[in-house]
Student: 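Structure below; questions to follow.
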Amino acid sequence: MSTETPTQGKSLTEIIDVRKEKIKKIRELGFEPYEYNFERSHLTKDILDSYDEIAEKNVVRIAGRLMAIRNMGRANFIDIQDDEGKIQVYIQENKVGKLGFKLFKLLDIGDILGFSGTVTKTRTGQVTIFATEIKMLSKNIRPIPIVKEKDGDVFDAFSDKEQRYRQRYLDMIVNPSVKDVFKKRSKIIQWTRDYLNNSGYLEVETPILQPIYGGANARPFKTFYNALNSNFYLRIALELYLKRLIVGGIDKVYEISKTFRNEGVDRSHNPEFTLLEFYETYVDYNYMMDFVENYFRFLCEKLGKTDFMYNNHNIDFSQPFQRRSMFNLLEEYVGQDLSNSTEEELKKVCKEKGISLKDSDNYGNYLAYLFDEFVEPNLIQPTFVMDFPEAISPFAKPKRGGAKGIVERFELFIAGQEFVNSFSELNDPIDQRVRLENQERLQESGDEEAHQMDEDFVRAVETGMPPTGGVGVGIDRVVMLLTGQNSIRDVLFFPQMRS
RNA sequence: GGGUGCAUAGCUCAGUCGGUAGAGCAACGGCCUUUUAAGCCGUGGGUCGCAGGUUCGAUCCCUGCUGCACUCACCA
């Protein structure tokens with residue numbers, strides 16, 4: 001191979017070759033193309049925000065990624081982007097020296113650079129760093145997409161969703177608003193912890209790898225533990241271990257962590273997602289409704305607003321959340337009072353409404369089908385739906401003074417989607433065992449999502465579980481709602497993609 | 001899993017009623033001392049997603065596959 005720099009950029013591999021040659025040239029000039037550190041005096045945002053103050057001190061040191069070059073011969077303007085912003089740097093040969101200028105000539109968009117310089121304004125009034133020293137901190141050899149912008153219009157945006165998700169780092173570099181969503185996500189999760197910690201809750205970690213899965217109706221991911229020669233599952237919920245901790249004497253406990261369900265991927269589902277569950281002793285689901293409502297108010301307060309556009313709906317958190325029983329809502333939207341209907345009667349209603357049924361379906365399933373089909377899409381503003389059928393709620397206490405077969409459970413619906421699920425937790429061990437045995441039978445009869453019997457969990461309840469209110473919150477959905485994103489993929493750094 | 005659509009240069013996109021392709025940006029060589037989608041002159045860059053089929057000839061038509069988007073079903 002010739003030691004000459006190729007004189008023409010060609011395909012991608014040849015562009016990369018040219019940049020590798022530049023690495024050699026940078027070393028020949030006496031510079032290290034991959035530095036170990038660089039002391040910064042400011043972030044670009046600081047300089048732009050407090051120009052007057054900094055201009056007095058005058059000399060600054062910044063570092064960041066080279067995003068644009070406007071080359072006018074002896075006068076050169078470049079844009080440097082760091083975590084919080086972007087600033088213009090002015091490069092002139094008699095300021096950076098002959099050697100520095102030779103280095104400048106070897107720069108490419110995408111390089112990570114450090115600069116010393118003085119802060120001034122150009123004649124158009126733009127805050128600019130007049131560089132006195134250039135330092136190469138990391139040489140880019142793979143070109144990044146060039147996105148240009150004028151008056152708010154973006155040109156040639158890096159917009160291919162597949163590439164954006166697969167190469168999220170590129171997406172973040174060239175589409176800076178992407179980072180804003182994730183920073184807000186991080187804050188929402190931090191505020192969630194604040195809310196619970198301030199209420200006396202203890203954050204804990206429980207097993208992700210479990211010999212028996214449970215706590216929700218879902219298919220698990222299955223794996224094999226060689227050393228134990230047995231099957232294990234990735235957890236589908238946090239419930240059963242957190243309740244063991246309640247039995248163990250932690251009065252207020254929560255976990256916020258990844259959970260896994262072996263189901264389809266779509267705009268609002270990812271196989272691994274972030275679930276928050278919290279349990280508090282000596283309270284019931286009525287208490288938890290207030291607590292959850294206040295949680296959303298707390299987040300609104302932190303975000304400084306109560307209106308959010310989500311899936312083309314304007315969601316208003318300024319009003320008290322509606323509280324309606326499931327039967328009450330069914331009566332409104334299905335058009336008949338089903339609260340005294342028998343299983344057979346419900347089945348008939350489902351058939352009349354054209355809902356396809358499975359053999360293993362029961363009273364609770366029929367109600368759930370009617371609810372999903374006719375009620376859910378209408379629940380746009382925050383609404384607590386109360387009192388679900390026992391048959392689909394194996395961990396909730398029976399409704400006090402209510403109809404048989406109904407439990408104290410609520411779900412919070414917003415924009416037709418479920419955000420929160422909560423029970424007055426079942427603490428009667430005899431009843432709990434019966435419920436899980438029923439689930440076990442369902443599983444044996446082919447319901448893949450029914451619960452497994454968890455003897456150790458039942459043993460814990462038998463030991464004595466205090467009255468407890470429990471809540472599960474789909475954090476990704478909360479983030480979607482509060483950041484105005486309609487796809488879960490836009491609130492996950494690395495959403496699930498096919499390989 | 002079903003349906004619809006898309007896949008062309010590093011990026012954003014044209015295009016070929018079937019005769020192996022173009023633009024802008026980026027790259028490469030020049031010019032330019034206040035630009036900011038900088039500008040000007042010049043140069044190169046593509047197995048047109050993959051595999052088959054039809055055809056004298058396929059990037060284009062057909063089939064299958066893969067990936068992505070939207071959507072329906074299931075789930076948070």
Side-chain angles (χ1 to χ4, degrees), chain A residues 5-19 21-22 67-79 86-95 108-110 120-126 128 130 140-167 170 174 216-219 236-237 259-277 355-356 358 368-369 372-373 411-413 417-421 448-449 472-478 480 486-489 495 497-499:
Chain A
T5 300
T7 54
Q8 280 162 347
K10 298 194 174 183
S11 65
L12 177 59
T13 54
E14 286 164 300
I15 290 173
I16 289 172
D17 286 343
V18 169
R19 295 193 182 182
E21 280 301 318
K22 287 179 177 177
M67 296 301 287
I69 303 176
R70 292 179 293 281
N71 189 323
M72 346 274 317
R74 289 191 177 81
N76 301 278
F77 296 88
I78 61 180
D79 292 338
K86 196 192 277 187
I87 199 165
Q88 178 169 263
V89 177
Y90 179 69
I91 309 287
Q92 199 181 303
E93 181 165 8
N94 52 28
K95 286 272 174 53
D108 288 292
I109 290 169
T120 12
K121 284 185 177 173
T122 62
R123 66 181 183 191
T124 58
Q126 184 172 354
T128 299
F130 280 45
N140 164 292
I141 59 170
R142 182 175 294 273
I144 66 174
I146 311 295
V147 179
K148 300 202 175 189
E149 191 207 323
K150 186 184 189 179
D151 301 331
D153 293 328
V154 175
F155 301 85
D156 300 335
F158 179 59
S159 55
D160 184 275
K161 285 203 173 183
E162 180 171 2
Q163 289 201 75
R164 288 184 48 217
Y165 296 142
R166 289 187 192 276
Q167 299 182 63
L170 262 190
V174 302
N217 295 90
R219 284 194 299 192
I236 59 171
T259 303
F260 308 83
R261 296 190 186 174
N262 204 340
E263 286 158 359
V265 176
D266 67 21
R267 212 173 65 236
S268 57
H269 297 87
N270 196 68
E272 58 179 282
F273 64 103
T274 299
L275 189 61
L276 162 68
E277 287 191 23
I355 293 169
S356 57
K358 287 181 290 191
Y369 290 147
D372 290 353
E373 182 74 18
E411 295 190 346
L412 174 62
F413 282 87
Q417 288 186 333
E418 181 192 339
F419 278 71
V420 176
N421 183 20
E448 288 181 282
E449 295 184 352
V473 180
I475 290 294
D476 305 289
R477 285 192 175 177
V478 172
M480 287 164 67
N486 292 335
S487 171
I488 195 170
R489 298 188 154 191
M497 304 290 278
R498 292 174 191 274
S499 50

Student: Once you apply the 3.5 Å cut-off to both distances, tell me the Watson-Crick or G-U wobble partner of A58(B), or none.
Tutor: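 Looking at the geometry, A58(B) pairs with no nucleotide.
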Student: More 5' along RNA chain B: R19(A) or V147(A), using each one's nearest nucleotide?
Tutor: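 Its nearest nucleotide lies further toward 5', so the answer is V147(A).
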Student: Indicate whether OP1 or OP2 belonging to U71(B) is found under 4.0 Å from a side-chain N or O atom of R267(A).
Tutor: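 Answer is yes, contact under 4.0 Å.
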Student: Does a donor on one side chain sit under 3.5 Å from an acceptor on the other, for N140(A) and R19(A)?
Tutor: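 Checked: N140(A)/R19(A) side chains pair up, N/O donor to acceptor below 3.5 Å.
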Student: May I ask which nucleotide in the shown strands pairs with A37(B), Watson-Crick or G-U wobble, both distances under 3.5 Å?
Tutor: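 A37(B) is paired with nothing.
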Student: Grab the CD-C1' distance between E263(A) and C75(B) for me, whole Å please.
Tutor: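 E263(A) atom CD is separated from C75(B) atom C1' by 4 Å.
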Student: For a quick check of understanding: with a heavy-atom distance under 4.0 Å over all strands, which category does N94(A) fall into, base, sugar-phosphate or nothing?
Tutor: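 It contacts base atoms.
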Student: Starting at atom CG of D79(A), determine the distance to atom P of C25(B), rounded to an integer number of angstrom.
Tutor: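 Checked: the CG to P distance equals 17 Å.
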Student: Could you tell me whether N270(A) contacts a base, only the sugar-phosphate backbone, or nothing, with contacts defined as non-hydrogen atoms closer than 4.0 Å?
Tutor: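 Base contact.
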Student: Check this one for me: any side-chain N or O of K121(A) less than 4.0 Å away from OP1 or OP2 of U34(B)?
Tutor: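 Checking K121(A) against U34(B): no side-chain N or O falls below 4.0 Å of OP1 or OP2.
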Student: For the backbone of N486(A) and the side chain of R267(A), can you confirm whether one donor and one acceptor N or O come within less than 3.5 Å of each other?
Tutor: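 Pair found, side chain donor or acceptor close to backbone of N486(A).
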Student: Say you pick atom P in G64(B) and the same atom in A21(B); how far apart are they, in whole Å?
Tutor: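 Each nucleotide's P atom is 29 Å from the other's.
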Student: Given atom CD1 of I16(A) and atom P of A26(B), what is their separation to the nearest angstrom?
Tutor: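 The answer, rounded to whole Å, is 19 Å.
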Student: Separation of D160(A) atom CG from A9(B) atom P, in whole Å?
Tutor: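 Distance check: D160(A) CG to A9(B) P gives 11 Å.
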Student: NA contact type, Q88(A), heavy-atom cut-off 4.0 Å: base, sugar-phosphate, or nothing?
Tutor: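 Base contact.
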Student: So A216(A), base contact, sugar-phosphate only, or nothing? Heavy-atom distance under 4.0 Å.
Tutor: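 Contact class for A216(A): none.
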Student: Could you tell me the separation between the CZ atom of R477(A) and the P atom of C75(B), rounded to a whole number of Å?
Tutor: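 Going from CZ in R477(A) over to P in C75(B) covers 11 Å.
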Student: E149(A) near the nucleic acid: base, sugar-phosphate alone, or nothing, with a heavy-atom cut-off under 4.0 Å?
Tutor: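 Here E149(A) touches the backbone only, sparing every base.
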Student: Pair D156(A), I146(A) - check side chain to side chain contact (heavy atoms under 4.5 Å, CB included), show working.
Tutor: CA-CA 7 Å; D156(A) 300 335; I146(A) 311 295; over 6 Å; no
Student: If you look at every strand shown and take non-hydrogen atoms under 4.0 Å, does T259(A) touch a base, only sugar-phosphate, or nothing?
Tutor: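 It contacts nothing in the nucleic acid.
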Student: Which part of the nucleic acid, if any, lies within reach of Y90(A) when heavy atoms closer than 4.0 Å are counted: base, sugar-phosphate only, or nothing?
Tutor: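 Answer is base: heavy atoms of Y90(A) come under 4.0 Å of a base.
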Student: Picking from G10(B), G67(B), G24(B), which would you name as closest to the side chain of D156(A)?
Tutor: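 It is G24(B).
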Student: Mark this stacking check for F273(A) against A76(B) as yes or no, applying ring centres under 5.5 Å and ring planes under 30°.
Tutor: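 Here the ring of F273(A) and the base of A76(B) are stacked, with centres under 5.5 Å and planes under 30°.
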Student: Look at R123(A) and U35(B) and indicate whether a side-chain polar atom (N or O) is within less than 4.0 Å of OP1 or OP2.
Tutor: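 Answer yes for this pair, as a side-chain N or O of R123(A) is under 4.0 Å from OP1 or OP2.
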Student: Provide the Watson-Crick or G-U wobble partner of C25(B), both distances under 3.5 Å; none if there is no partner.
Tutor: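 G10(B) - that is the nucleotide pairing with C25(B), both distances being under 3.5 Å.
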Student: Regarding U34(B), can its base be found pairing with the side chain of T128(A) as donor and acceptor, where the two atoms are less than 3.5 Å apart?
Tutor: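 Counting by modelled atom types and ignoring angles, no donor-acceptor contact under 3.5 Å is found here.
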Student: Are any side-chain N or O atoms of N262(A) and backbone N or O atoms of R219(A), one a donor and one an acceptor, separated by less than 3.5 Å?
Tutor: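 Answer holds: no.
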Student: When the distance from CD of Q167(A) to C1' of G67(B) is rounded to whole Å, what number comes out?
Tutor: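 After rounding, the gap between these two atoms is 14 Å.
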Student: Counting only side-chain nitrogens and oxygens, does Q163(A) get under 4.0 Å of the OP1 or OP2 atom of C11(B)?
Tutor: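 Yes, within the criterion.
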Student: Indicate, yes or no, whether a donor-acceptor pair under 3.5 Å links the base of C75(B) to the side chain of N217(A).
Tutor: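 Under the 3.5 Å cut-off, the side chain and the base do not form any donor-acceptor pair.
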Student: Which atoms form the tightest heavy-atom contact between F158(A) and V174(A), and what is the distance?
Tutor: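 Smallest heavy-atom distance, with atoms named: CB-CG2, 3.5 Å.
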Student: Select one nucleotide: of G67(B), U34(B), A69(B), the one nearest the side-chain heavy atoms of K161(A).
Tutor: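 Per side-chain heavy atoms of K161(A), the pick is A69(B).
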Student: Go through C11(B), G10(B), C68(B) for me and flag the one nearest to the F158(A) side chain.
Tutor: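 Selected nucleotide: C11(B).
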Student: Kindly point out which of C13(B), U33(B), C11(B) is positioned nearest to the side chain of S159(A)?
Tutor: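 Of all the options, the side chain of S159(A) is nearest to C13(B).
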Student: Would you kindly give the CZ-to-P distance between R70(A) and U35(B), to the nearest whole Å?
Tutor: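 Taking CZ of R70(A) and P of U35(B), I get 11 Å after rounding.
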Student: If we call it a pair only when both distances are under 3.5 Å in a Watson-Crick or G-U wobble match, what pairs with C17(B)?
Tutor: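 When the pairing criteria are applied, nothing turns out to pair with C17(B), so the answer is none.
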Student: Name the closest nucleotide to the F155(A) side chain, picking from A37(B), C32(B), U34(B).
Tutor: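 Per side-chain heavy atoms of F155(A), the pick is A37(B).
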Student: Name the pairing partner of U4(B), where a pair is Watson-Crick or G-U wobble with both distances under 3.5 Å, or state none.
Tutor: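 U4(B) is paired with A69(B).
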Student: Scan F413(A) against the nucleic acid and name what it touches under 4.0 Å (heavy atoms): base, sugar-phosphate only, or nothing.
Tutor: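 Nothing, no heavy atom under 4.0 Å.
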Student: Find the distance R219(A):CZ to G1(B):C1' and express it as a whole number of Å.
Tutor: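 Checked: the CZ to C1' distance equals 10 Å.
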Student: Do Q126(A) and U34(B) have a side chain to base donor-acceptor pair shorter than 3.5 Å?
Tutor: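 No such pair is found, so the answer is no.
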Student: Hey, does G474(A) reach any base, or is it just sugar-phosphate, or nothing, if we go heavy atoms under 4.0 Å?
Tutor: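 Since no nucleic acid heavy atom lies under 4.0 Å of G474(A), the category is nothing.
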Student: Give a yes/no on whether any side-chain N or O of R489(A) is located under 4.0 angstrom from OP1 or OP2 of A69(B).
Tutor: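 Checking A69(B) against R489(A), a side-chain N or O does come within under 4.0 Å of OP1 or OP2.
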Student: Any side-chain N or O of K148(A) under 4.0 Å from OP1/OP2 of A38(B)?
Tutor: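 Checking A38(B) against K148(A), a side-chain N or O does come within under 4.0 Å of OP1 or OP2.
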Student: Using a cut-off of 6.0 Å, state whether more than 12 heavy atoms not belonging to R74(A) lie near its atom CZ.
Tutor: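 Open: at most 12 neighbouring heavy atoms sit under 6.0 Å from CZ of R74(A).
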